[in-house]
Amino acid sequence: MPSSSENLLGAYLRDRRTRLDPAAFGFSGRRRTPGLRREEVAQRSNISATWYTWLEQGRGGAPSADVLNRIASGLMLTEPEREHLFMLGLGRPPEVRYRPVEGVTPRLQRLLDTLEASPALVKTATWDVVAWNAAAAVVLTDWDEVPFRERNILRRMFGDPWVRTAQHDWESVARFVVGTFRADAARAGATSEVGRLVEELCRTSPEFEALWRENDVRVHGDGVKRLRHPTLGEIELEYSAFAVDGRPDLGMLVYNPVEDTVVEGIRALVATRSAGRQHRARV
């Protein structure tokens with residue numbers, strides 16, 4: 001039998017089960033050691049006690065992803081702990097579980113707000129916008145003025161005439177957006193959520209349907225975005241895409257103005273917007 005140092009999976013399983021309170025799960029009886037018994041973990045995981053014992057002892061070969069998911073549930077593992085379990089058992093992380101998002105942490109929002117002249121936003125794998133800063137509101141879209149359900153980049157790209165007019169080359173931008181969206185959604189495991197959105201967009205936009213059928217896949221990375229802004233005129237913004245650590249379903253986009261005059265223009269628009277909001281709050 002392998003030693004505990006060689007059988008890292010078994011050592012981890014033993015450690016996790018000894019940390020659980022049997023009474024919290026309805027198990028009783030006197031025990032020589034703390035935590036759940038092996039057969040109790042097997043019962044909670046809906047696998048055989050023999051198979052679970054073999055895993056702790058380093059016998060029986062590699063477990064399946066289904067077995068590891070059951071054990072993770074039985075041991076009440078957190079998402080980082082579940083990922084570690086998969087790395088020990090299969091040498092790879094588990095498949096991503098998509099989680100709908102309604103907002104971001106205050107810390108991430110504060111980070112966005114520090115970018116005074118750089119429009120920045122956070123989007124989900126289905127390209128719903130869940131956070132943005134004041135610069136994004138005055139340059140891209142004031143998402144505060146958009147109904148919650150409509151805060152989606154694809155819905156705006158294919159359904160809002162103003163967004164279409166603002167693009168320097170709408171057709172190229174739309175093709176890029178659809179290809180990048182396809183890659184983001186697949187990476188985050190958001191299959192069912194994407195299916196509903198795609199069906200809706202195909203019904204409402206023949207242009208989206210045609211692009212979707214092309215099956216192109218793109219990567220966001222970085223580049224240059226050109227816009228026709230009603231106040232700033234023709235502007236160029238260098239953009240970069242960033243992953244949000246621990247959240248493969250979230251991505252942050254930051255747009256930096258190329259010209260100093262545009263930087264000053266954005267700051268002026270942000271100041272005007274802030275003054276207007278303060279005035280409305282006092283009224």
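For this chain, numbers begin at 1 and follow the sequence in order.
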Checklist entry - What class does the angle between the rings of Tyr12 and His84 fall in, given that below 30° is parallel, 30 to 60° is tilted and above 60° is perpendicular? => result perpendicular
Checklist entry - Between Glu264 and Arg267, does at least one N-O distance fall below 4.0 Å, as a salt bridge requires? => result yes
Checklist outcome for this item: The reported gap from CZ in Arg37 to OH in Tyr52 (rounded to nearest 0.5 angstrom) is 14.0 Å
Checklist entry - Out of curiosity, Leu85 CG to Leu13 CG, how far, rounded to the nearest 0.5 Å? => result 6.0 Å
Checklist entry - Parallel, tilted or perpendicular for Phe181 and Trp127, by the 30°/60° rule? => result perpendicular
Item to check | Neighbour count >12 (heavy atoms, 6.0 Å) for atom CH2, Trp54 | outcome: no
Checklist entry - Roughly how far, to the nearest 0.5 Å, is the CG atom of Asp222 from the CG atom of Asn256? => result 11.0 Å
Item to check | Contact summary for Thr165 and Arg228, nearest pair of heavy atoms | outcome: O-NH1, 3.3 Å
Checklist entry - Checking His229 side chain against Val138 main chain: does a donor-acceptor pair fall under 3.5 Å? => result yes
Checklist entry - Looking at CD of Glu150 and CG of Asp160, how far apart are the two atoms once the value is rounded to the nearest 0.5 Å? => result 9.5 Å
Next on the checklist: Is there a path of hydrophobic side-chain contacts, each under 4.5 Å between heavy atoms, that joins Val139 and Val224?
Outcome noted: no
Checklist entry - Run the side-chain contact (heavy atoms from CB on, under 4.5 Å) check on Ile71 and Arg16 step by step: do they pass? => result CA-CA 11 Å; Ile71 293 174; Arg16 293 299 99 180; over 6 Å; no
Item to check | Side-chain donor/acceptor of Thr18 to backbone N/O of Arg14, under 3.5 Å | outcome: yes
Checklist entry - Any donor-acceptor pair under 3.5 Å linking the side chain of Ser274 with the backbone of Val270? => result no
Checklist entry - If every non-hydrogen atom of Arg59 is compared with every non-hydrogen atom of Trp51, which pair is closest and at what distance? => result O-CZ3, 4.2 Å
Next on the checklist: Quick check on Glu116: does its CD atom have over 12 non-hydrogen neighbours (other residues, nucleotides or ligands) under 6.0 Å away?
Outcome noted: no
Checklist entry - Roughly how far apart are Asn152 CG and Leu197 CG, rounded to 0.5 Å? => result 5.0 Å
Item to check | Lys/Arg-Asp/Glu bridge criterion (N-O < 4.0 Å) met for Arg213, Glu209 | outcome: yes
Checklist entry - Do Val258 and Leu253 share a hydrophobic cluster (ILVMFWY, side-chain heavy atoms under 4.5 Å, transitive)? => result no
Next on the checklist: Checking the side chain of Asp216 only, and the main-chain atoms of Gly179 only, is there a donor and an acceptor separated by less than 3.5 Å?
Outcome noted: no
Checklist entry - Near Asp260 CG, under 6.0 Å, is it more than 12 heavy atoms from other residues, nucleotides or ligands? => result no
Checklist entry - Shortest non-hydrogen contact from Val263 to Pro257? => result CG2-CB, 3.7 Å
Item to check | Salt bridge Glu40-Arg17, side-chain N to carboxylate O under 4.0 Å | outcome: no
Next on the checklist: I'd like to know whether Glu200 forms a salt bridge (Lys or Arg N to Asp or Glu O under 4.0 Å) with Arg149, so could you lay out the CA-CA distance, the side-chain angles of the two residues, the decisive distance to 0.1 Å, and finally the verdict.
Outcome noted: CA-CA 13 Å; Glu200 172 197 328; Arg149 184 182 178 279; 3.0 Å; yes
Checklist outcome for this item: Scanning both residues in full, the closest heavy-atom pair of Leu9 with Gly89 reads CD2-CA, 4.0 Å
Next on the checklist: Between Arg175 and Leu211 (side chain of the first, backbone of the second, donor and acceptor by atom type, cut-off under 3.5 Å), is there such a pair?
Outcome noted: no
Next on the checklist: Given 3.5 Å as the limit, does a donor-acceptor pair link the side chain of Arg226 with the main chain of Ile235, or not?
Outcome noted: no
Next on the checklist: Assess, by modelled atom type and distance only, whether the side chains of Asp128 and Thr126 contain a donor and an acceptor separated by less than 3.5 Å.
Outcome noted: yes
Checklist entry - Is it the case that one hydrophobic cluster holds both Leu269 and Val146, taking links as side-chain heavy atoms less than 4.5 Å apart, direct or via other members? => result yes
Item to check | pair Arg151-Arg156: side-chain heavy atoms closer than 4.5 Å | outcome: no
Checklist entry - Same hydrophobic cluster for Val217 and Val178, using side-chain heavy-atom links shorter than 4.5 Å among ILVMFWY? => result no
Next on the checklist: Return the CG to CG distance between Leu237 and Leu232, rounded to the nearest 0.5 Å.
Outcome noted: 9.0 Å
Checklist entry - Would you say Arg92 has more than 12 foreign heavy atoms packed within less than 6.0 Å of its CZ? => result yes
Item to check | Closest heavy-atom pair and its distance - Leu140, Pro119 | outcome: CD1-CB, 4.0 Å
Checklist entry - At their closest point, which heavy atom of Ala135 faces which heavy atom of Ala117, and how far apart are they? => result CB-C, 4.1 Å
Item to check | Heavy atoms of other groups near Glu171 CD, more than 12 under 6.0 Å | outcome: no
Checklist entry - With a cut-off of under 6.0 Å to the ring centre and 45° to the axis, is Arg82 in cation-pi contact with Phe86? => result yes
Next on the checklist: Students often mix this up, so state it plainly: with edges at 30° and 60°, are the rings of Phe25 and Phe27 parallel, tilted or perpendicular?
Outcome noted: tilted
Checklist entry - Would a hydrophobic clustering, with Ile, Leu, Val, Met, Phe, Trp and Tyr connected at side-chain separations under 4.5 Å, put Leu90 with Met87? => result no
Next on the checklist: Between Glu81 and Arg19, does any side-chain N to carboxylate O distance fall below 4.0 Å?
Outcome noted: no
Item to check | Parallel, tilted or perpendicular, as decided by the 30° and 60° cut-offs, for the rings of Phe158 and Trp170 | outcome: perpendicular
